[in-house]
Amino acid sequence: MLILVAVVVTAGAQNHDKRMKQIRQAYADRLEMMKIRPYGEDMPFNEASVDVAKNLPGTGLYERHDKFYFTQEQYSADGSMCSQLYFMTSKETYVMGIHIWYWEFLWDSMEGDPMFALLVRQEGDSKQEFRFYFENGKVIKVVPEVKKWPSIDDDLSIAPFKSPADVLSLMNAKQELFKTLVNE
């Protein structure tokens, strides 16, 4: 019985390592794809940007810059043309730069499944980084590992995210935003 348990645990660890390697390779590949400029260095290719600036009650100026990177348009199963989002960055700045949230999101470029998210949260001079790894629509690893997810009052808070699953919901919302911007 102990041998069977050891085999199952070992197999699970190997699958986990394989997925982590796959995500790292996809991340490196996407960074290379983002460098493609077939029409010259100053001409973006398969990119879309959204900038938002507004005055929030009680906190003041809020700015967000989202940048989407996507595949060349192809015919979908229903015969329409569409592109697939594969990478996105989002920088949110609150209260004149005192609070900054920088996100990177990575999706499978063929299936559109979430693979990875990075949050760099800066509060004044303090900077924290969180990495989220996904497989089959589920969070499989968070670095640093969060035993008890921080609450809004904790120093490590990444409110409004109450759990790592909320990050997956955010990625899904960003995909929907992309679809409204690029795919008609």
Side-chain angles (χ1 to χ4, degrees), residues 10-52 64-93 100-122 127-146 158 161 163-184:
T10 302
Q14 288 175 344
N15 285 341
H16 185 73
D17 290 343
K18 182 179 176 183
R19 178 62 177 174
M20 298 303 282
K21 188 179 228 183
Q22 179 186 25
I23 290 170
R24 286 184 189 104
Q25 184 61 51
Y27 185 84
D29 291 347
R30 300 318 180 268
L31 293 180
E32 284 301 312
M33 287 173 76
M34 290 163 39
K35 293 179 186 176
I36 295 172
R37 304 271 188 217
Y39 305 111
E41 285 300 312
D42 295 334
M43 297 292 292
F45 183 65
N46 294 346
E47 298 174 17
S49 296
V50 175
D51 291 313
V52 176
R64 187 181 83 223
H65 177 73
D66 291 342
K67 194 159 192 177
F68 302 86
Y69 299 88
F70 50 94
T71 60
Q72 189 67 24
E73 282 191 325
Q74 297 178 1
Y75 285 102
S76 65
D78 66 1
S80 63
M81 294 288 283
C82 65
S83 297
Q84 185 67 48
L85 177 63
Y86 63 81
F87 193 79
M88 181 190 167
T89 62
S90 181
K91 182 177 181 183
E92 297 178 65
T93 305
I100 300 171
W101 289 24
Y102 173 77
W103 286 98
E104 288 183 359
F105 302 107
L106 173 70
W107 290 270
D108 180 282
S109 62
M110 300 301 287
E111 303 297 323
D113 294 329
M115 296 178 80
F116 174 75
L118 164 74
L119 168 62
V120 178
R121 185 182 145 239
Q122 186 172 338
K127 192 183 255 188
Q128 298 154 328
E129 189 172 295
F130 295 89
R131 296 172 188 264
F132 305 85
Y133 297 87
F134 304 97
E135 184 171 29
N136 298 325
K138 295 182 179 156
V139 178
I140 60 169
K141 185 174 183 177
V142 178
V143 177
E145 186 176 338
V146 180
I158 59 170
F161 305 100
S163 74
D166 288 344
V167 176
L168 186 60
S169 295
L170 175 64
M171 289 183 77
N172 292 334
K174 296 293 186 180
Q175 273 184 319
E176 290 304 312
L177 174 60
F178 166 77
K179 288 175 186 174
T180 63
L181 293 171
V182 176
N183 295 329
E184 297 175 6

Across all chains, not counting sequence neighbours, the side-chain contact (heavy atoms from CB on, under 4.5 Å) partners of Glu135 are Arg19, Ile140

Kindly indicate, with the supporting measurements, whether the criterion side-chain hydrogen bond (donor to acceptor under 3.5 Å, both in side chains) is fulfilled by Asn172 and Glu176. CA-CA 6 Å; Asn172 292 334; Glu176 290 304 312; over 6 Å; no

Donor-acceptor pair, side chain of Thr71 and main chain of Ser83, under 3.5 angstrom: no

Between atom [atom1] of [X] and atom [atom2] of [Y], what is the distance when rounded to the nearest 0.5 Å?
X	Y	atom1	atom2	result
Met110	Gln84	CE	CD	9.0 Å
Gln128	Phe130	CD	CZ	5.0 Å
Trp107	Tyr69	CH2	OH	12.0 Å
Thr93	His65	OG1	NE2	10.5 Å
Gln122	Trp101	CD	CH2	13.5 Å
Asp66	Glu92	CG	CD	7.5 Å

Applying salt bridge (Lys or Arg N to Asp or Glu O under 4.0 Å) to Glu129 and not counting sequence neighbours gives Arg131

Side-chain touch [X]/[Y], heavy atoms, less than 4.5 angstrom:
X	Y	answer
Asn46	Phe68	no
Asp29	Gln25	yes
Trp103	Val167	yes
Leu119	Tyr102	no
Lys91	Arg64	no

Which atoms form the tightest heavy-atom contact between [X] and [Y], and what is the distance?
X	Y	value
Leu31	Phe87	CD2-CZ, 4.3 Å
Pro114	Leu168	CG-CD1, 3.5 Å
Leu85	Lys174	CD2-O, 4.3 Å
Val139	Phe134	CG2-CE2, 3.4 Å
Ala48	Phe70	N-CE2, 3.8 Å
Ala26	Met115	CB-CE, 3.6 Å

Begin with the C-alpha distance, continue with both residues' side-chain angles, and end with the deciding distance and a verdict on side chain to side chain contact (heavy atoms under 4.5 Å, CB included) for Lys127 and Arg121. CA-CA 6 Å; Lys127 192 183 255 188; Arg121 185 182 145 239; over 6 Å; no

Starting from the C-alpha separation in whole Å, work towards a yes-or-no answer on side chain to side chain contact (heavy atoms under 4.5 Å, CB included) for Phe178 and Met88. CA-CA 10 Å; Phe178 166 77; Met88 181 190 167; over 6 Å; no

Walk me through whether Phe105 and Phe116 qualify under ring-ring contact (aromatic ring centres under 6.0 Å, His included). CA-CA 6 Å; Phe105 302 107; Phe116 174 75; 9.4 Å; no

